[in-house]
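Here's the structure, in structure tokens; my notes come after.
Not measured: the values here are computed from a predicted model. Computed from heavy atoms alone, side chains included, the values below leave out hydrogens, waters and symmetry copies.
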Amino acid sequence: ETLTTNVDAQLDRTETVGERVADRVAEFGGSWRFIRLFALVVGANGEDSSATGVNGNQAHESVTNSGAAYVFVRSGTIWTQQAYLKASNTGPDNFGLSVAISGDTLVVGAHREDSSATGVNGNQADDGAGDSGAAYVFVRSGTTWTQQAYLKASNTNADDLFGNCVAIFGDTIVVGARDEDSSATGVNGNQADEGATDSGAAYVFVRSGATWSQRAYVKPTVELMAGLPSVVLGFIAGLWLAPAVERVDLHQPPRGHEPQ
């Protein structure tokens with residue numbers, strides 16, 4: 001249903017997906033996703049406006065590399081822009097490095113976002129964790145887009161780059177954090193044990209009604225994979241984990257993140 005690609009790499013060259021974008025100043029088209037050829041979302045993580053939210057003032061270029069995403073729709077053979085998307089807490093965060101769309105829902109990653117919030121809809125104004133990263137969920141009603149959720153890792157830490165890759169399938173979102181550091185393996189392991197620097201992780205979020213919650217914390221299950229950056233893990237998760245997520249027992253919270 002959803003086709004995912006990147007202007008810097010073909011899908012059969014997974015080692016380059018996301019990596020080349022993360023290592024350069026991305027321009028318009030650095031990431032793009034389309035679904036059934038009727039809706040297209042394009043990320044521009046080097047865009048500089050200070051606007052926030054949907055369809056703000058894009059002419060005021062005062063926040064370098066804040067980033068943006070653009071939604072285009074097709075009627076017949078004619079494409080038009082439907083929305084200009086910015087983070088709700090715009091900063092020099094590379095919003096738009098990664099994008100994905102499924103139906104009337106899209107997700108945008110901002111891997112340089114700095115808040116120390118955890119989970120869903122936390123305090124995005126507390127910039128206490130530089131480059132921890134975030135992801136933003138937008139939904140469409142008719143032709144109007146609004147932000148539905150602000151996603152952070154359950155174990156937010158500086159320099160984890162949560163949001164460097166994203167995927168969506170229906171009511172399930174997977175977000176990669178390329179430089180997350182825990183030595184856990186498998187699903188919902190101990191995320192508090194930071195013994196594997198830059199090993200990476202992926203986070204699965206699910207939606208019930210209009211409410212998002214984290215369902216799983218995913219790490220490589222083979223020791224050899226522990227050194228892989230999560231741009232690869234997240235890419236794999238985006239292609240295969242999201243559609244199959246209900247086949248896995250994800251109902252227990254990750255250790256180190258038990259509900260209070």
Side-chain angles (χ1 to χ4, degrees), residues 14-15 17-19 22 97-98 100 107 109-122 128-135 137 149-169 171-207 212-260:
T14 60
E15 75 280 0
V17 176
E19 286 290 343
L97 175 73
S98 56
V107 56
H111 73 152
R112 299 289 186 188
E113 194 267 357
D114 297 329
S115 95
S116 56
T118 59
V120 180
N121 295 333
D131 293 349
S132 52
V137 183
Y150 165 69
L151 307 180
K152 295 284 287 188
S154 47
N155 60 337
T156 295
N157 280 298
D159 302 318
D160 280 356
L161 303 183
F162 176 90
N164 79 288
C165 50
V166 296
I168 183 171
F169 184 87
D171 292 322
T172 301
I173 286 173
V174 182
V175 183
R178 187 185 70 184
D179 289 348
E180 191 268 356
D181 298 328
S182 95
S183 57
T185 59
V187 178
N188 292 338
N190 180 12
Q191 55 191 299
D193 177 12
E194 298 206 336
T197 301
D198 295 349
S199 53
Y203 300 76
V204 181
F205 297 85
V206 295
R207 178 171 55 188
W212 290 90
S213 59
Q214 187 176 318
R215 176 65 62 83
Y217 165 71
V218 182
K219 296 284 288 189
T221 56
V222 180
E223 185 176 358
L224 179 63
M225 293 181 65
L228 286 177
S230 75
V231 66
V232 178
L233 175 61
F235 176 72
I236 294 171
L239 289 180
W240 291 289
L241 176 60
V245 70
E246 294 304 326
R247 302 177 197 169
V248 185
D249 182 9
L250 303 177
H251 297 288
Q252 296 301 317
R255 287 175 7 204
H257 184 60
E258 286 78 11
Q260 301 299 313

Would a distance-only check, ignoring hydrogens and angles, find a side-chain to backbone donor-acceptor pair under 3.5 Å from Ser132 to Ser115? yes
Roughly how far, to the nearest 0.5 Å, is CD of Glu180 from CG of Leu161? 11.0 Å
Can you check side chain to side chain contact (heavy atoms under 4.5 Å, CB included) on Asp181 and Asp198, steps first, answer last? CA-CA 5 Å; Asp181 298 328; Asp198 295 349; 3.5 Å; yes
Which pair of non-hydrogen atoms, one from Trp212 and one from Ala149, has the smallest distance, and what is that distance? CD1-CB, 3.7 Å
When rounded to the nearest 0.5 angstrom, what is the spacing between CG in Asn164 and CG in Asp179? 7.5 Å
In the structure I gave you, are the side-chain heavy atoms of Val175 and Val166 within less than 4.5 Å of one another anywhere? yes
Determine whether the side chains of Gln191 and Tyr203 contain a donor N or O and an acceptor N or O closer than 3.5 Å. no
Donor-acceptor check, side chain of Lys219 to backbone of Ser182, threshold 3.5 angstrom: yes or no? yes
Whether the side chain of Thr118 engages the backbone of Thr156 through a donor-acceptor N/O pair (distance < 3.5 Å, no angle test) should be reported. no
Donor-acceptor contact below 3.5 Å, side chain Ser183 vs main chain Ala196: no
Nearest-0.5 Å distance that lies between atom CZ in Phe162 and atom CG in Asn155: 9.5 Å
Donor-acceptor pair, Lys152 side chain versus Val120 backbone, under 3.5 Å? no
Non-hydrogen side-chain atoms of Asp131 and Asp114 separated by less than 4.5 Å: yes
Between Leu151 and Ile173, is there a side-chain heavy-atom distance shorter than 4.5 Å? yes
Minimum heavy-atom distance between Arg215 and Asn188, given as atom pair plus value: O-ND2, 3.9 Å
